[in-house]
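One structure below.
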Amino acid sequence: MQQFAVVATHSISQPEPEAGSATAVVQLVDAEGTALIPPVQVYGNQLPAVVAELEATRRPRWVFDSVHAWYPGLLAAGVRIERAHDVRLVRAILRNAPYAVPGEYLTAIGREADPANAAPAHLLPPARVPENQGELFSEPKDSTGALENVLAEFLAQRAAVPDSERGARLGLLLAAESAGALIAAEMTHAGVPWDVEEHHRLLHEALGERVPAGVRPPRMEELAGQLRALLDAPTLNPDSPAELLKAMNRAGIAVANTRAWELTEIKHPVIEPLLAYKKIARLATANGYAWVDRWVHGGRFRPEYIVGGVVTGRWASHGGGALQIPHQVRSAVRADPGKVLVVADAAQLEPRILAALSRDTALAAAATARDLYQGIADAGFGGDRAHAKVAMLGAMYGATSGESGRLMPKLKATYPKAVGLVEWAAAQGEAGAGVSTFLGRGTPEAPEGWLKSRSRASTEAEQRAVEAEGRSRGRFTRNFIVQGTAAEWALCWMGELRRRMNAGKAAGVDTGELVFFLHDEIMLHVPAAQARTVVDLVHESARSASELLFGKIPVDFPVTAVIVDSYDQAK
DNA sequence: AAATTCAGCTC
DNA sequence: GTACGTGCTGAATTT
């Protein structure tokens, strides 16, 4: 029998005997929501012990209003759980899921103004202040986060998943998203091993002696002096784009902005030192001494992951720019003594996802090559890999002009189903309609303002603006089906890996920890002796994830996994 | 003080 | 090689 353990801050209907002293309540229910044992009132800091006990004896799926709110505390107390259902994350998916069962629940959550936190209040039991609590207790607990509400919404969410093939996919997505929430909290808890000494060494090498905050480092000051001399602008602050642009224009350099990639086109003595300045200025401000002081503690970098933070289902992060760690500082990501990093990434994931989505057998055949782009090149681009890659990326991102646009007809002739699918997705978006990923994560509705202005545009300029917005929306929906399904594959990959690592631990093998995730790349921090075993688990999990999503299909999703001491050694 | 712009980094 | 998709962050600048 399936069992669910609902965790909440309090219960509306069953106030604790000594009001104010209980800190949480746990209710074990079956799939219909029927209580299996009386609710457990938790006092003081006993929640980890209660959870550990139930986890060991019952192995329930834990239902939280938000894993992010509850799990870090459990981890800090040394308690891990296997499975969860995150009501808030599931709500966000169901709000836009085209194949969810229409009804009261979807209506309730669809109308909420604040998609991040709004609960479907009018669907849920009304808040009731227990009568025996009395008026002397001035702050009646409101219903938000109460056990009855979490349970009711959980049941409504289960009922919103249809009993069909589509429903099975959606159910997988909801489970994977919730597993992602557990993994995110566990990764933050573990932290990325960070060698502060090595980071300081490379900063010293690039910037010169460390200087107090607010003072420009020596190597930057030196270059700034060169720039002022070369541009004949003695007070120039090169950190100000406006000042820099003016100074360059005065010196006869015709540019409209100061972006590095445009400057590379220009021949002028100031360009070389300017690009050198920009490069180290970026290092100093984004990942310099202040960054290390603020974000690395006890040899660990612990970013917070925001599961489902990107509309496509990719994760975002908060704190330290975790998903944009520049290659420049990756040598500072270093395993502890006796341990190694296992760095794995899914090779050319998105075009392979497109092959699976579109059931394009020709593209699937190209995907059996280890290098998919070479496979495409051999099939229709006269062996020219660079052209094949540009064309494929253009198809997935919506490039219309340039090289990529010119190559599109050839790509479409070779892979009509794959290119046809992304073109269909783009057309949906341009028409104001939505699309969804393979597992059923849907796009948010097009902004109402655009849909209205579309029909109202009268002048030619308005018409052009509306069309441009439409194409932009089309590029979004085109990319959404690929990026979003790739994110689902990656979630399943990590979920499968976590399961295997936990099974290893249960059997007495220290499989280490997942410590970092970057869209299609994962990093593990493992005892050196177990590295080969973990690499095998990584590959196994990838095969398993592919089959979990797509069943048995002729598309390969190869991953590369390397064993290294520091992140820069992983190419 | 808060919001916006610019730029650069990652996938 | 190209200038097309999703984000976060910091400094300068504007409101």
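Within every chain, numbering begins at 1; the chains are lettered A, B, ... in the order of the sequence lines, protein sequences first and strands thereafter.
- Residue L393(A) is out of contact with every strand shown, counting any heavy-atom pair closer than 4.0 Å.
- Within 6.0 Å of the CZ atom in R330(A), the count of heavy atoms belonging to other residues, nucleotides or ligands exceeds 12.
- Within the 4.0 angstrom heavy-atom criterion, only backbone atoms of the sugar-phosphate kind lie near V311(A); the bases stay farther away.
- For the OP1/OP2 pair of dA7(B) and a distance below 4.0 Å, the side-chain nitrogens and oxygens of K278(A) include no atom meeting the criterion.
- Taking 4.0 Å as the cutoff to heavy atoms of chain A, we find the contact window on DNA chain C bounded by dT2(C) to dT13(C).
- Within the nucleic acid shown, H387(A) has no heavy atom closer than 4.0 Å to any nucleic acid atom.
- In H525(A), the NE2 atom is crowded: over 12 heavy atoms of neighbouring residues, nucleotides or ligands sit closer than 6.0 Å.
- Ring to ring, H199(A) and W291(A) are close: their centroids are under 6.0 angstrom apart.
- When every heavy atom of V333(A) is checked against every heavy atom of L341(A), the shortest pair comes out as O-CD1, 3.7 Å.
- Summarising the geometry, the separation between CG on D239(A) and P on dG8(B) is reported as 12 Å, rounded to the nearest angstrom.
- Rounded to whole Å, atom P of dT5(B) lies 17 Å from atom CG of L245(A).
- Other residues, nucleotides and ligands contribute at most 12 non-hydrogen atoms within 6.0 Å of the CD atom of E445(A).
- The distance from atom CG of N237(A) to atom C1' of dA7(B) is 14 Å, rounded to the nearest whole Å.
- Atom CD in E262(A) sits roughly 14 Å away from atom C1' in dG8(B) (whole-Å rounding).
- Rounded to whole angstrom, the span from the CG atom of N287(A) across to the P atom of dT10(B) amounts to 9 Å.
- The side chain of R282(A) places no N or O atom within less than 4.0 Å of a non-bridging phosphate oxygen (OP1 or OP2) of dC9(B).
- Taking the centre of each ring, F301(A) and W295(A) stay at or above the 6.0 Å mark.
- Judged by closest nucleotide on DNA chain C, K389(A) is the one of K389(A) and A316(A) placed further toward the 5' end.
- Between the P atom of dC6(B) and the CG atom of L263(A) lies a distance of 15 Å, rounded to the nearest Å.
- Across the interface with DNA chain C, nearest-nucleotide mapping of Q483(A) and T285(A) shows Q483(A) to be the residue nearer the 5′ end.
- When heavy atoms are screened at a 4.0 angstrom cut-off, A322(A) is found touching no nucleic acid atom at all.
- Here the P atom of nucleotide dC11(B) and the OH atom of Y397(A) are 11 Å apart, to the nearest Å.
- Atom CE in M396(A) sits about 12 Å away from atom C1' in dC11(B), given to the nearest Å.
- A distance-only check finds a donor-acceptor pair linking the side chain of S404(A) to the backbone of V390(A) [under 3.5 Å].
- Among the atoms of the strands shown, only primed sugar atoms or phosphate atoms (P, OP1, OP2) are found under 4.0 Å from some heavy atom of S240(A).
- No more than 12 heavy atoms of other residues, nucleotides or ligands shown are found within 6.0 angstrom of CD on E272(A).
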Pairing annotation in dot-bracket form, given for DNA chain B with Watson-Crick or G-U pairs under 3.5 Å and | for cross-strand partners: |||||||||.|

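- A sub-4.0 Å separation between OP1 or OP2 of dG8(B) and a side-chain N or O of H327(A) is absent.
- Judged by distance alone, with hydrogens and angles left aside, the side-chain atoms of W493(A) form a donor-acceptor pair with the main-chain N or O of V538(A) at under 3.5 Å.
- Residue R330(A) is in sugar-phosphate contact alone, with no base atom involved, counting any heavy-atom pair closer than 4.0 Å across all strands shown.
- Judged by distance alone, with hydrogens and angles left aside, R314(A) brings a side-chain donor or acceptor within reach of the base of dC11(B), the pair sitting under 3.5 Å.
- Taking the ring centroids of F550(A) and F438(A), they lie under the 6.0 Å cut-off.
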